[in-house]
2 protein chains.
Amino acid sequence: MVQLRNTKQRKILLEILQSTDTHPGADWLYQKMRQEMPQVSLGTIYRNLNILREQGLIRELNGCGSQSRFDGILTPHGHFYCLGCGEVHDIPNTRPTPLEEDVKANLDDYLLSEVEVSAYGYCPRCKEHACLEITKKGEK
Amino acid sequence: MVQLRNTKQRKILLEILQSTDTHPGADWLYQKMRQEMPQVSLGTIYRNLNILREQGLIRELNGCGSQSRFDGILTPHGHFYCLGCGEVHDIPNTRPTPLEEDVKANLDDYLLSEVEVSAYGYCPRCKEHACLEITKKGEK
DNA sequence: GTACATGCAAATTATTTGCAACAGG
DNA sequence: CCTGTTGCAAATAATTTGCATGTAC
């Protein structure tokens, strides 16, 4: 492996990710980064997202739409993907240990590194005015 | 909604998906389709995958890599994503009911439509010769 | 000073879409 | 027939990459 450097860009990116629970995508992070570093490039965002993921400092979420989303909060929790507005909400600590052991029991010869719980549906707001236009937008 | 037609292309695509547990991507399905229908186009594959998903006849998996994968087997089960070879294996029926209720308990005002369990790690074969070249290929 | 990182722009990959011709009901 | 569907090719969207320059250590 290479000797990673602690660049300003990487540091700020990680701080942003650790300070939000909105599970943003690369474009949102790009806009946010530019507030502090107007010259930053989208390529740098993507390169650092990959590095931080490989380091295990952030998590990538692929459950919703064509864009990847990222999570800088590593305490165990599941994710709810709203099919209406596309938002991703945390599911607080859904008894992680029993679940993982349950999965492990089914995967004898496997080397298990992580178990994820994803839920799909409509968030309280979208459940209310659950109209078809909205449904279209976030469909999986 | 529109009045869907039962085209030969759509019928074959669904049959292929229902007869495999390899969770193929669009390109694999395209090759397979061309064995029975050499003139079929990739656009048709994608259009029908979207229609079948909207009808609830197949499921889309986004956990692994940049390509979507599809599952034509709807009995409840989880998925294991090998970080080595990129294969997706089924996790036989991981006590679905307790889990879903557990998640539901955390999502009071939500309208829940589906809960998914995904596991990541290395399959028996990749665990053996867990070398770095292989690791590279399937990394998330 | 030596790599790793960056900014920029061009390239790649997966997926979607416009359109004229085709075909299911 | 009427309208959803197809094949084809061009368009889009997300992400990656090549390269000269910049910067962390």
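Reminder, nothing fancy here: chain letters follow the sequence lines and each chain counts from 1.
The OH-C1' distance, from B:Y30 to C:dT15, rounds to 14 Å in whole Å. Between the C1' atom of D:dT15 and the CD1 atom of A:I51 lies a distance of 15 Å, rounded to the nearest Å. Here the P atom of nucleotide D:dT16 and the CG atom of A:L49 are 9 Å apart, to the nearest Å. Rounded to whole Å, the distance from CG on B:L61 to P on C:dA14 is 17 Å. Distance B:R10 CZ to D:dG7 C1': 15 Å, rounded to the nearest Å. Spacing between atom CE of B:M37 and atom C1' of D:dC8 amounts to 15 Å, rounded to whole angstrom units. Between the CG atom of B:L4 and the P atom of D:dT6 there is a distance of 10 Å, given to the nearest Å. For A:E60 and D:dA14, the CD to P distance is 14 Å, given to the nearest whole Å.
Residue B:R47 places a side-chain atom within donor-acceptor reach of the base of C:dG18, judged by atom type and a 3.5 Å distance cut-off alone. With hydrogens and angles ignored, a donor-acceptor pair under 3.5 angstrom links the side chain of A:R5 to the base of C:dA3.
For an aromatic pair to be called close, the ring centres must be under 6.0 Å apart, and B:Y110 with A:F80 satisfies this.
When the side-chain nitrogen and oxygen atoms of A:T7 are compared with OP1 and OP2 of C:dT6, one or more of them lie within a distance under 4.0 Å. At D:dT15, one or more side-chain N or O atoms of A:Y46 fall inside 4.0 Å of OP1 or OP2 (strictly under the cut-off). In this model, the phosphate group of C:dC8 is not approached by any side-chain N or O of A:Q39 to a distance below 4.0 Å at OP1 or OP2. In this structure, B:Q9 reaches the D:dG7 phosphate: one of its side-chain N or O atoms is under 4.0 Å from OP1 or OP2. OP1 or OP2 of D:dT6 sits under 4.0 Å from a side-chain N or O of B:N48.
Among the nucleotides C:dT15, C:dG25, D:dT5, the one closest to the side chain of B:S68 is C:dT15. Set against C:dT16, D:dT16, C:dG25, the side chain of B:N50 has C:dT16 as its closest nucleotide. Closest to the side chain of B:Q67, out of D:dT15, C:dG7, C:dT15, is C:dT15.
Residues A:R53 and A:N50 bring a donor and an acceptor atom of their side chains to less than 3.5 Å of each other. For A:S68 and A:E60, the side-chain atoms include at least one donor-acceptor pair closer than 3.5 Å.
Not a single donor-acceptor pair under 3.5 Å links the side chain of A:K104 to the backbone N or O of A:L112.
Of all the heavy atoms in A:L49 and A:F70, the pair that sits closest is CD1-CE1, 3.5 Å.
The 5' end of DNA chain C is approached more closely, in terms of each residue's nearest nucleotide, by A:K8 than by the other of A:K8 and B:L42. For the pair A:T44 and B:I45, nearest-nucleotide mapping onto DNA chain D gives the more 5' position to B:I45.
Aromatic ring orientation, B:H77 versus B:H79: perpendicular (interplanar angle above 60°, classes split at 30° and 60°).
Contact annotation for B:D27: no contact, since no heavy-atom pair falls under 4.0 Å across all strands.
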